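Reviewing the structure listed below.
Excluded from the calculations below are hydrogen atoms, water molecules and symmetry mates; all remaining heavy atoms, backbone and side chain alike, are included. Being a predicted model, the structure only gives us computed values, none of them experimental. Order of the sequence lines fixes the chain letters, A, B, ..., with proteins taken first and strands second; residue numbering starts at 1 for each chain.
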There are 2 protein chains.
Amino acid sequence: MPLAARQEHLLNELRRSNGELSGQDLHARLRQGPHPMGLATVYRHLRQLQQLGLVRCRHLPSGEALYAPVERDEHHLTCVDCGSTTTLESCPVHGAHLSPAQLGGFKPLFHTLEFFGLCDACQQRQQAW
Amino acid sequence: MPLAARQEHLLNELRRSNGELSGQDLHARLRQGPHPMGLATVYRHLRQLQQLGLVRCRHLPSGEALYAPVERDEHHLTCVDCGSTTTLESCPVHGAHLSPAQLGGFKPLFHTLEFFGLCDACQQRQQAW
DNA sequence: GTTGATTTTGAGAATGGTTCTTGGTTGAAG
DNA sequence: CTTCAACCAAGAACCATTCTCAAAATCAAC
């Protein structure tokens, strides 16, 4: 079953981007390209691509969801104060292996490993009152 | 600096609970206890407790945020189809070690490691069409 | 090609968790 | 008794995401 053309475009746009994109971002970018797509359709396809194991997603503390191709195994440091995130160079988990017993029939597609804490700037600001 | 009494109550309610609680859950529980608290206040304190490193939080695919005391190092398998989550017994990362160079002044308070995929039931359902 | 059924789409409305606003309450200090 | 500041609650506001549903596209037979 080949990927629908619409989904293909969406996935290409994600791959073309350097960073992660939110649903709104994607919609805005596609809007001014040769293949505009309604917001509802963007979200519909993002969900499907995620279930196909082609797209990963993580949630910011703000509640916004960011999407990226699965093959990007990036992880982040996120500040619980200002919300800024920085990307880690390497994945500390790498091949995190779960035993079949732990999985119990679950078929893993991707994982998210995020560290939350205080960024340098916010620590300084707190100490200075 | 001692914790304000209101924050203490909120934290106790979280510790008393077996599982994670959403902001709404907490508000509902406190409502019928001896120390009711407005919804806005619950969220205010949850954010503060998070910044103090006493509370952790993770986001479900639905966008809902779940809170727990930091000392609980639980991680989950989450189905990208039906959204159900199951708890892992042990933390595969354990002491996830980040070098000072990787941290760059960032002060980690907690981490979340979540696996996303398809649960047994949803795989079956997909195959059956 | 035409017809009719099925699927996909998109504009706008609805949803719902979270945050903001506003005005009231409390409590300590003077 | 004032004053001032901190804290709080109720409801409005916000906004990313989802839902609705009619129109458009696709497909399948004829």
Side-chain angles (χ1 to χ4, degrees), chain A residues 1-11 13-14 19-52 55-68 78-83 85 116 129, chain B residues 1-11 13-14 20-52 55-68 78-83 85 116 126 129:
Chain A
M1 175 178 54
L3 229 50
R6 287 326 221 24
Q7 295 186 338
E8 201 90 55
H9 289 135
L10 208 162
L11 190 49
E13 192 64 40
L14 260 187
E20 304 157 297
L21 295 177
S22 70
Q24 308 278 349
D25 291 340
L26 269 169
H27 175 241
R29 292 203 179 196
L30 292 169
R31 167 182 289 283
Q32 50 204 26
H35 304 284
M37 201 182 294
L39 192 51
T41 307
V42 170
Y43 282 111
R44 250 192 304 259
H45 283 163
L46 279 175
R47 199 164 354 130
Q48 288 168 0
L49 287 171
Q50 202 176 326
Q51 291 181 19
L52 290 172
V55 160
R56 59 164 55 228
C57 113
R58 70 177 178 116
H59 284 265
L60 294 179
S62 69
E64 200 176 11
L66 298 181
Y67 299 84
T78 300
C79 179
V80 294
D81 193 351
C82 68
T85 77
F116 295 88
W129 287 32
Chain B
M1 176 178 55
L3 233 49
R6 286 328 217 30
Q7 295 185 337
E8 200 89 56
H9 288 136
L10 206 162
L11 190 49
E13 192 64 40
L14 259 188
E20 305 157 296
L21 295 177
S22 70
Q24 308 278 349
D25 290 339
L26 268 169
H27 175 241
R29 291 202 180 198
L30 291 169
R31 168 182 290 282
Q32 50 204 27
H35 305 283
M37 201 182 296
L39 191 51
T41 308
V42 169
Y43 282 112
R44 241 194 315 262
H45 285 163
L46 279 174
R47 199 166 352 131
Q48 289 167 1
L49 287 171
Q50 201 176 325
Q51 290 180 20
L52 290 172
V55 161
R56 61 163 54 229
C57 114
R58 71 178 179 114
H59 284 265
L60 295 179
S62 69
E64 200 177 12
L66 297 181
Y67 298 86
T78 300
C79 179
V80 295
D81 192 351
C82 69
T85 77
F116 295 88
Q126 283 187 4
W129 286 39

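- The nearest pair of heavy atoms linking A:Leu60 to B:His59 is O-NE2, 3.6 Å.
- Rounded to whole Å, the distance from CG on B:Leu46 to C1' on D:dC8 is 15 Å.
- For D:dC8, the OP1/OP2 oxygens have no side-chain nitrogen or oxygen of B:Arg44 closer than 4.0 Å.
- Contact record, B:His27 with B:Gly38: CD2-C, 3.8 Å, taken as the closest heavy-atom pair.
- Residue B:Pro36 is classed as a sugar-phosphate contact, given heavy-atom separations below 4.0 Å to backbone atoms only.
- For the pair A:His59 NE2 and C:dG16 C1', the interatomic distance rounds to 15 Å; values are reported in whole Å.
- Remark: B:Tyr43 is in phosphate contact with C:dT18, judged by side-chain N or O atoms under 4.0 Å from OP1 or OP2.
- For the pair A:Ser22 and B:Met37, nearest-nucleotide mapping onto DNA chain D gives the more 5' position to B:Met37.
- The CZ-P distance, from A:Arg31 to C:dG10, rounds to 11 Å in whole Å.
- The shortest side-chain heavy-atom distance between A:Glu20 and A:Arg58 falls under the 4.5 Å cut-off.
- Residue-level contact check: A:His27 touches neither bases nor backbone, having no heavy atom under 4.0 Å from any strand.
- When each of D:dA10, C:dT18, D:dT18 is scored by its nearest atom to the side-chain atoms of A:Arg47, the top-ranked nucleotide is D:dT18.
- Distance, A:His45 NE2 to D:dT17 P: 17 Å, rounded to whole Å.
- Note: NE2 (B:His9) to P (D:dC7) measures 16 Å, nearest angstrom.
- With rounding to whole Å, B:Glu64 atom CD is found 13 Å from C:dT15 atom C1'.
- Atom-to-atom, CZ of B:Arg6 to P of D:dC7 comes out at 11 Å; the value is rounded to the nearest Å.
- Between the CZ atom of B:Arg58 and the C1' atom of C:dG17 there is a distance of 16 Å, given to the nearest Å.
- Separation of atoms CG (B:Leu11) and NE2 (B:His9) is listed at 11.0 Å; rounding is to 0.5 Å.
- The residue among B:Thr41 and B:Ser62 whose nearest nucleotide of DNA chain D lies closer to the 5′ end is B:Thr41.
- Under the 4.5 Å side-chain criterion, counting only non-hydrogen atoms from C-beta, B:Leu21 is not in contact with B:Tyr67.
- Candidate nucleotides C:dA11, D:dT17, C:dG17 were compared by shortest atom distance to the side chain of A:Ala40, and C:dA11 ranks first.
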